Undergrad: 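Here it is, the structure, as structure tokens.
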Amino acid sequence: MQRRKFLAHLAATSGIAFATKPLVALAMEGMNSTHGMEGMAGMHHMGGMDKMGATQQAHSGGSANTQLAPTSALPAGKPFVAPAILANESTAPGHFKAKLVAAPSHATLMPGHTTQVWAYNGQLPGPLIELHAGDKVEITLENRLEQPTTIHWHGLPVPPDQDGNPSAAVAPGKSRVYRFTLPDTVEGLYWYHPHPHGLSAEQVYRGLAGPIMVRPKKDALSPIPERILAVTDLRLAADASIPANTMMDWMNGREGQFALVNGQHRPMLRFATSGQERWRILNATNARYLRLALPGHTFTLLGTDGGRIEVAQTGLKEILLAPAQRVEVLVAATGRSSAALMAMTYDRGKMGSVSATPSLALMNVDFSAAKVGASQQAALPQPLREFAPLPVPVAKKRVVMTESMGMGMGHGDMQKMNATPTTNATPTMDDMPMKMAFLLNGKAFDMKRVDLKSTVGAWEDWEIVNDSDMDHPFHVHGTQFQVLSRQRAGHTENVVLRAWHDTVNLKAQETVRVRIMQTEKGIRMYHCHILEHEDLGMMGRLDVV
Ligand code: C2O
Ligand code: CU
Ligand code: CU
């Protein structure tokens, strides 16, 4: 049976929910002091979906048949708010000190209901961390969740032992301090989120993610009003609870019926009277692709993950922002009185009888007070930023992304993998004749294995191959890269735009070449940033020596 047909059948016949409790055990392998975890040894060798169901336990909500709240359940149209700012407890110049508490918390999303979320300092999304290039940063994480967690500083050049790797999980009830100093050259919009083994998807969709803004020493565009838009995804059941992932979520990555901007449902942004704004947009969703468009307007692309690009790209009708990516765009009033910032439909090749993600409005923009006219267009510096020519690479690597589905796996096989017997009556993956895996170079993640080796300071060309039927956003920790070329369906495009990225999207059967260099010794992760795929093992470890 073909993959899609088989999965359509599966989706139609199962109401399977995946519990997260057993995954706690997986994540605990990453804690410094673990007790009684011997029984879990070997769990991490089990790639793929099977580990989910094999130890499934009951968890509130989360069936594929959970009744969802209608999209009208969340009020829309409230005034746009900027993200809450994490206060700096230090008064010393160039020093940022603060605390983030990850804990269950209550939010009123649907009027008259409370929703239990997991949040940093009780805020959805997590508060904005405002930093400057060169800052010394000290942030304490207190884990008040019932499961291990870490904080990963996505995209920032942070020492490996401070970067929230799955192997350095913070146990429930424990705290730790993350310390790092930013280089003088770093700038742009970044974000922080949990990275425990097997639990990242749930921790993020329950609310744990927040933006980080790193300001450069000099910013020629600072007179233009700036907005930070942190986009998160939300699924709400009819009773206002956040349901657990379904099997289809595990396969395709979770997308709820809502996308929020700075925690708000479709806010109304009153555009600056000057007629021009710069928007910095973060895709902090588990798996939702944001094909951004503002009808009647075009975007001028100013920056990507790593901040300013070399030359502004004008006249863009749409921009695709894959999960974890960021952009900075310039928007100018055109005379229309209003427009909606859209995340337009995008077909990323989801499995099963699942249609492409439908279009939705992220926010409305009221231009009625905005001046229109060329005189309002600030002259953009040319270039926006200097880019030194890339050094010649001294090594090459290849990472191949695959989805695999083994059919007809017997009960014996499943029992071998069952480290803990399940006693509940709900159906488990035992009942399913399949074993789904998302792999890199044919392997599922293993916290004890080194997959690739690099040398500090050595420039390398990485060839990333998506040998699968759906899009996967590829991310590497600790550094950023430039995209050299993209190849798909026999057509090769050399990328001339110079820009820094830490996450690059690959369409089905696409190959992307990037040039990359790591600056510090230690273990770095690279993985698919659809968080469900990451949790299922589409992740590897790079040892920088
Ligand atoms: Cu956004 Cu491995 O991270
Ligand atoms: Cu990262
Ligand atoms: Cu993926």
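Only this structure's heavy atoms are used, side chains among them; waters, hydrogens and symmetry mates stay out. Order of listing sets the numbers, starting from 1, for every ligand and every atom in it. The shown structure was predicted, so the numbers you read here are calculated from the model rather than taken from an experiment.
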Undergrad: Counting backbone and side-chain atoms alike, is an N, O or S atom of His193 positioned under 2.8 Å from atom 1 (Cu) of ligand 1?
TA: yes
Undergrad: Is any side-chain N of the basic residue among Lys350 and Glu255 closer than 4.0 Å to the acidic one's carboxylate O?
TA: yes
Undergrad: Do Arg206's NZ or CZ and the ring of Trp118 fall within the cation-pi criteria of under 6.0 Å and 45°?
TA: yes
Undergrad: Mind checking whether atom 1 (Cu) of ligand 1 has an N, O or S of His529 under 2.8 Å?
TA: yes
Undergrad: When you measure from the centre of the six-membered ring of Tyr190, is the NZ or CZ of Arg326 under 6.0 Å away and within 45° of the axis?
TA: yes
Undergrad: What N, O or S atom of His475 is found closest to the Cu ion (ligand 2)?
TA: NE2
Undergrad: Do the rings of Tyr526 and Trp462 sit parallel, tilted or perpendicular, given the 30° and 60° boundaries?
TA: perpendicular
Undergrad: Counting backbone and side-chain atoms alike, is an N, O or S atom of His529 positioned under 2.8 Å from the Cu ion (ligand 2)?
TA: no
Undergrad: Checking salt bridge (charged side-chain N to carboxylate O under 4.0 Å, His left out) between Glu460 and each of Arg398, Lys396, Arg513, Lys397, which is the one that passes?
TA: Lys397
Undergrad: Is the distance from the Cu ion (ligand 2) to the nearest N/O/S atom of His152 under 2.8 Å?
TA: yes
Undergrad: Using atom 2 (Cu) of ligand 1 as the apex, give the angle to atoms NE2 (His527) and NE2 (His477), rounded to 10 degrees.
TA: 120°
Undergrad: Do you know which of Arg144, Gln203, His193, Lys174 makes side-chain hydrogen bond (donor to acceptor under 3.5 Å, both in side chains) with Thr149?
TA: Gln203
Undergrad: For N/O/S atoms only: which one belongs to His154 and is nearest atom 1 (Cu) of ligand 1?
TA: ND1
Undergrad: Verify the distance test for His152 against atom 1 (Cu) of ligand 1: any N/O/S atom under 2.8 Å, yes or no.
TA: no
